[in-house]
Number of protein chains: 2
Amino acid sequence: MIKSGNKSSSAAEDYLERIQELIEAKGYARMVDIAASLGISQASVTNMVKRLDTEGFVLYEKYRGLVLTPEGERIAKEIARRHRILTDFLSQLGVSSEEVERDVEGMEHHLSLDSLEAIERLCQQLTCHPDLLAKIKHGSNKGIL
Amino acid sequence: MIKSGNKSSSAAEDYLERIQELIEAKGYARMVDIAASLGISQASVTNMVKRLDTEGFVLYEKYRGLVLTPEGERIAKEIARRHRILTDFLSQLGVSSEEVERDVEGMEHHLSLDSLEAIERLCQQLTCHPDLLAKIKHGSNKGIL
DNA sequence: TAAATAAATTAGCCAAGGCTAATTTATGAA
DNA sequence: TTCATAAATTAGCCTTGGCTAATTTATTTA
């Protein structure tokens, strides 16, 4: 998904997002850490990283590690942004953080820029209308406990 | 996706939704129509319908047609509901109908009930606040033309 | 009702993305 | 520096969900 530039699958986007997060957090992204972070096997990571390399999202040298290309980084940051916006949105609506996480994970690859930015503006507006948000959350049965 | 009852993949859910739509519109769902409606080959439909049968979502007899089981119908209706709610939501935000269609198609399989119903309540509230919606749409560059 | 056409099915293929088991390379500690 | 362990890779397999081409069954029409 994601329109401009090269095509990347949902799976590829997930990898790029996590790789970027690891690099930000620790300066590098090892295969073993990518695997742990995504909850999949190291072998699967090796395969996908090879693909990401041939498709130009990553520079990879066997046994030596990998870095994102500018294009890979662009996609990683775009996905991170979608993640942020959608997480904010569902959190504002009072959805529990575990559900937010799962739902966002699934949705973030399927939204046009237009929809995403409309939701972003909506969040902005909702911030100034806590009364409205209160009514929405009130409908929820898992209220303030 | 969809929690309660049997598991169904996103693809299976798409099939069930379309089958239900065809049955509602014409009283029956032929392989050739399901294929046309989903934009895939008849052979692929035959395969998936067999699977939907063995998984209990559909009753199918070779060359004789198919009907939804109660469970299949339950899922079809649940997906249709998600489709409705998400379509309403993005439309309210001023997203173009083609984009709404594509986005909803992608998202509808990935939302928890909690998130879905929070969005439903949000739409309800937004209906009473056209001023708010106006501001959101205003941020869009493809405004009133 | 027999032949032509439309619909459905089968067989066999492909790519994406997972997996495990076995092997190879790198690295840290004695 | 050598050996034990950790990390990475390879080989080979699986499922999902597509596809085309060939075949079979149903249906329509002359």
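Quick note: numbers below take in every heavy atom, side chains included, and nothing from hydrogens, waters or symmetry partners. Throughout, protein chains are lettered first and strands after them, A, B, ... in sequence-line order, and every chain is numbered starting at 1.
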Q: In Å and rounded to the nearest 0.5 Å, what is the CG to CG distance from B:L133 to B:L126?
A: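 With rounding to 0.5 Å, CG (B:L133) is 5.0 Å from CG (B:L126).
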Q: Would you tell me if any nitrogen or oxygen in the side chain of B:K62 comes within less than 4.0 Å of OP1 or OP2 on D:dT24?
A: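 The answer is no; no side-chain N or O of B:K62 sits under 4.0 Å from OP1 or OP2.
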Q: Is any side-chain N or O of B:T46 closer than 4.0 Å to OP1 or OP2 of C:dA8?
A: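 It does not, given that no N or O in the side chain of B:T46 lies less than 4.0 Å from OP1 or OP2 of C:dA8.
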Q: For A:Q20 and A:K77, which heavy atoms make the closest approach, and how far apart are they?
A: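 Of all heavy-atom pairs spanning A:Q20 and A:K77, the closest is NE2-CE, 3.3 Å.
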Q: Would you say a side-chain N or O of A:S41 is under 4.0 Å from OP1 or OP2 of C:dG18?
A: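 Checking A:S41 against C:dG18: no side-chain N or O falls below 4.0 Å of OP1 or OP2.
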Q: Side-chain N or O of B:Q42 versus OP1/OP2 of C:dA7: is the shortest distance under 4.0 Å?
A: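 No, B:Q42 has no side-chain N/O under 4.0 Å of OP1/OP2 on C:dA7.
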Q: Taking the nucleotide of DNA chain C with the nearest heavy atom to each, does A:A43 or B:Y60 sit closer to the 5' end?
A: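 By nearest-heavy-atom nucleotide position, the 5'-most residue is B:Y60.
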Q: D:dA6, OP1 or OP2 - any side-chain N/O from A:Y63 closer than 4.0 Å?
A: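 It does not, given that no N or O in the side chain of A:Y63 lies less than 4.0 Å from OP1 or OP2 of D:dA6.
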Q: Would you indicate, yes or no, if D:dT10 has its OP1 or OP2 atom less than 4.0 angstrom from a side-chain nitrogen or oxygen of A:K50?
A: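 For D:dT10, OP1 or OP2 has a side-chain N or O of A:K50 closer than 4.0 Å.
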Q: Consider the side chain of A:R30, meaning its heavy atoms from C-beta on, and name the nucleotide among C:dC19, D:dA7, C:dA26 that approaches it most closely.
A: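 So the side chain of A:R30 is nearest to D:dA7.
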Q: Looking at A:Y15, does any N or O in its side chain come under 4.0 Å of the phosphate oxygens OP1/OP2 on C:dG18?
A: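 For C:dG18, OP1 or OP2 has a side-chain N or O of A:Y15 closer than 4.0 Å.
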Q: Verify the contact: side-chain N or O of A:S44 to OP1 or OP2 of C:dG17, cut-off strictly under 4.0 Å; return yes or no.
A: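 No, A:S44 has no side-chain N/O under 4.0 Å of OP1/OP2 on C:dG17.
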Q: Ignoring hydrogens and geometry, is there a side-chain-to-backbone donor-acceptor pair from A:R102 to B:S112 under 3.5 Å?
A: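 No: the side chain of A:R102 does not pair with the backbone of B:S112.
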